[in-house]
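Inspection log for the structure reproduced underneath, given as structure tokens.
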Protein chains: 2
Amino acid sequence: MAFPLSELTSTLRVAPGPIDLGAIETDAAPGFDGEKKDGEAALAELGPGLAELQERLFADGKSGGRRNLLLVLQGMDTSGKGGTLRSTVGLVDPQGVRITSFKAPTPDERAHDFLWRITRALPPVGLIGVFDRSHYEDVLIARVRSLAPPEEIERRYAAINAWEAELAAEGTTIIKCMLHISAEEQKNRLLARLDDDTKHWKYNPGDVDERELWPAYQEAYEIAIARTNTEVAPWHVIPADKKWYRNLAIGTLLHDALQAFDLGWPSADFDVEHEKRRLLDEKPL
Amino acid sequence: MAFPLSELTSTLRVAPGPIDLGAIETDAAPGFDGEKKDGEAALAELGPGLAELQERLFADGKSGGRRNLLLVLQGMDTSGKGGTLRSTVGLVDPQGVRITSFKAPTPDERAHDFLWRITRALPPVGLIGVFDRSHYEDVLIARVRSLAPPEEIERRYAAINAWEAELAAEGTTIIKCMLHISAEEQKNRLLARLDDDTKHWKYNPGDVDERELWPAYQEAYEIAIARTNTEVAPWHVIPADKKWYRNLAIGTLLHDALQAFDLGWPSADFDVEHEKRRLLDEKPL
């Protein structure tokens, strides 16, 4: 590996305490000393190793292991949650991944606690679960749009921490990422969608209404991140104006988290030589 | 495209009437005039087009369209259902795919009709659903192992046809494939798993017990295919001893099915110029 990517992982991890998103550059490439072409090459180089680590996790899950991985992606519209998934999760076997895109809750979901639908979407053992939006919407848009009373929002931070701690105790590694773009970059991306007939379907006039609440969203993110940035479920803020850096960062986080499981291949729970003989000595079928 | 792949698709489609699997070569490459390297190149060449067609289907689903695709993969153990998925479905955006691997039904699933759990796993509009095993197990292993009385098995063929016809009428394109390997090739693949420490987790001694029922399974497949090979949900038998051919065949079937939707990009349901002005004229955030 041409670059020490593990440095990148630690750089992106949010330090405990209050956070000022305005002080974090959105078009930087912290922890990576290279240009776009280097970043793309580094991600491509990471691919085969990532695929093998994912297969080891899958094999572990099939063999009695209880571990899995949960990647939570949050970010303003156009921050690139979808593109990130294609570029990073797309490097591993699709059978080992479960992606859930959370939309506004249905009436049925609303009839339960906010964590009910999230719990149902958790990945089984051995899998990589990806949340495109998540329970954090219940303290982000819910706060900005007053979709719940302040005391309920307040309750949710603690509920999230308790829920995530339980999840981690059960064997899930949780990686929470905010894809951090500037308001200017969002404007450019929305305009680019409008300029391209093949992207009109991605554009929703409501996104511009949300955009007008940009400062309120940034504040809601700062509060949510500070209140739920725990040791077992830490937040990462990913400068995301540069798509190549965003992809490399998420790919590296996934890689490092899988590597930290330190999994070998499961050993046989049967007699290998006996099985060979059974096959070699079998009667004609 | 160097080879006329659409010829491949029509070649693989099973003709109406009785089928004799023994007469279909497992190591052939019907409809494709090339070697392994040509086949791999043809699949790689297919990739970008496949990804774009998948995105068009996804966009259609987000814009009121009701179409989707269901790929049903059946085959004996080691026939390569998993490897096929990695090589073909892995070429498109993982967010546009929903893969379900069916195992032995749980007590909860058993308390319902056999199509209940299958129905729950259907892809939403705009998505490609993949079944790794399926409701066909309920007329395959169920028949071979007498897991249901003969009259119930008999009932299921008609139930499957009615269910699939309804699905097709709702807008789902159904592609059913049997990955067809020889008993000899299965033996080689099982032995290869035993010879490779990193593959022991994929080996299950029970697979050899199933193998002893090979002729009964082939007969069950012949009956199931002949009984459920309908115009709206046709069967394809894919010679699968050659992995490169198997992958190219499934990739081509997916490609042709997506292309047959003949989808453009959804047009804007908002005033594009008005939206541009809103963004360009906005007050500072």
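Order of the sequence lines sets the chain letters (A, B, ...), proteins ahead of strands, with each chain counted from 1. Basis for what follows: all heavy atoms, side chains included, without hydrogens, waters or symmetry-related copies.
With a 4.5 angstrom heavy-atom cutoff, V208(B) touches chain A via backbone and side-chain atoms both. Heavy atoms closer than 4.5 Å to chain A are found in both the backbone and the side chain of P94(B). In this structure, the portion of I99(B) lying under 4.5 Å from any heavy atom of chain A is its side chain and not its backbone. Heavy atoms closer than 4.5 Å to chain B are found in the side chain of P215(A), but not in its backbone.
Of the listed residues (G90(A), A183(A), P205(A)), the one with the most heavy-atom contacts under 4.5 Å to chain B is P205(A). Chain B forms more heavy-atom pairs under 4.5 Å with one residue of A59(A), G264(A), G82(A) than with any other, namely A59(A).
Listed here is the closest heavy atom pair of I175(B) and A257(B): CD1-CB, 3.5 Å. Nearest heavy-atom pair, L43(A) versus G251(A), reported as atom, atom and distance to 0.1 Å: CD1-CA, 4.2 Å. Closest of all the heavy-atom pairs between F102(B) and A121(B) is CZ-CB, 3.7 Å.
Annotation: side chain of I250(B) is in contact with side chain of L179(B) (closest heavy-atom distance under 4.5 Å). In this structure, F261(B) and L53(B) have side chains that are not in contact, with every pair of non-hydrogen atoms separated by 4.5 Å or more. Proximity of L254(B) to L46(B): side-chain heavy atoms (C-beta onward) are nowhere separated by under 4.5 Å.
Atom CG of residue L279(B) and atom CG of residue L191(A) lie 5.0 Å apart, to the nearest 0.5 angstrom. Distance check, rounded to the nearest 0.5 Å: CG of L71(A) to CG of L85(A) gives 7.0 Å.
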I'd like a table of all donor-acceptor pairs linking chain B to chain A (distance under 3.5 Å, no angle check), giving the atom names and the distance to one decimal.
{"unit_1": "G82(B)", "atom_1": "O", "unit_2": "Q95(A)", "atom_2": "NE2", "d": "3.1"}
{"unit_1": "R86(B)", "atom_1": "NH1", "unit_2": "D93(A)", "atom_2": "OD2", "d": "2.8"}
{"unit_1": "D93(B)", "atom_1": "OD2", "unit_2": "R86(A)", "atom_2": "NH1", "d": "2.8"}
{"unit_1": "Q95(B)", "atom_1": "NE2", "unit_2": "G82(A)", "atom_2": "O", "d": "3.1"}
{"unit_1": "D195(B)", "atom_1": "OD1", "unit_2": "K276(A)", "atom_2": "NZ", "d": "2.8"}
{"unit_1": "Y203(B)", "atom_1": "OH", "unit_2": "E275(A)", "atom_2": "OE1", "d": "2.6"}
{"unit_1": "P205(B)", "atom_1": "O", "unit_2": "R278(A)", "atom_2": "NH1", "d": "3.4"}
{"unit_1": "D209(B)", "atom_1": "OD1", "unit_2": "R278(A)", "atom_2": "NH2", "d": "2.5"}
{"unit_1": "R211(B)", "atom_1": "NE", "unit_2": "E282(A)", "atom_2": "OE1", "d": "3.0"}
{"unit_1": "R211(B)", "atom_1": "NE", "unit_2": "E282(A)", "atom_2": "OE2", "d": "3.2"}
{"unit_1": "R211(B)", "atom_1": "NH2", "unit_2": "E282(A)", "atom_2": "OE2", "d": "2.5"}
{"unit_1": "E275(B)", "atom_1": "OE1", "unit_2": "Y203(A)", "atom_2": "OH", "d": "2.6"}
{"unit_1": "K276(B)", "atom_1": "NZ", "unit_2": "D195(A)", "atom_2": "OD1", "d": "2.8"}
{"unit_1": "R278(B)", "atom_1": "NH1", "unit_2": "P205(A)", "atom_2": "O", "d": "3.4"}
{"unit_1": "R278(B)", "atom_1": "NH2", "unit_2": "D209(A)", "atom_2": "OD1", "d": "2.5"}
{"unit_1": "E282(B)", "atom_1": "OE1", "unit_2": "R211(A)", "atom_2": "NE", "d": "3.0"}
{"unit_1": "E282(B)", "atom_1": "OE2", "unit_2": "R211(A)", "atom_2": "NE", "d": "3.3"}
{"unit_1": "E282(B)", "atom_1": "OE2", "unit_2": "R211(A)", "atom_2": "NH2", "d": "2.6"}

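Among the residues in residues 123-131 of chain A, none has a non-hydrogen atom closer than 4.5 angstrom to a non-hydrogen atom of chain B.
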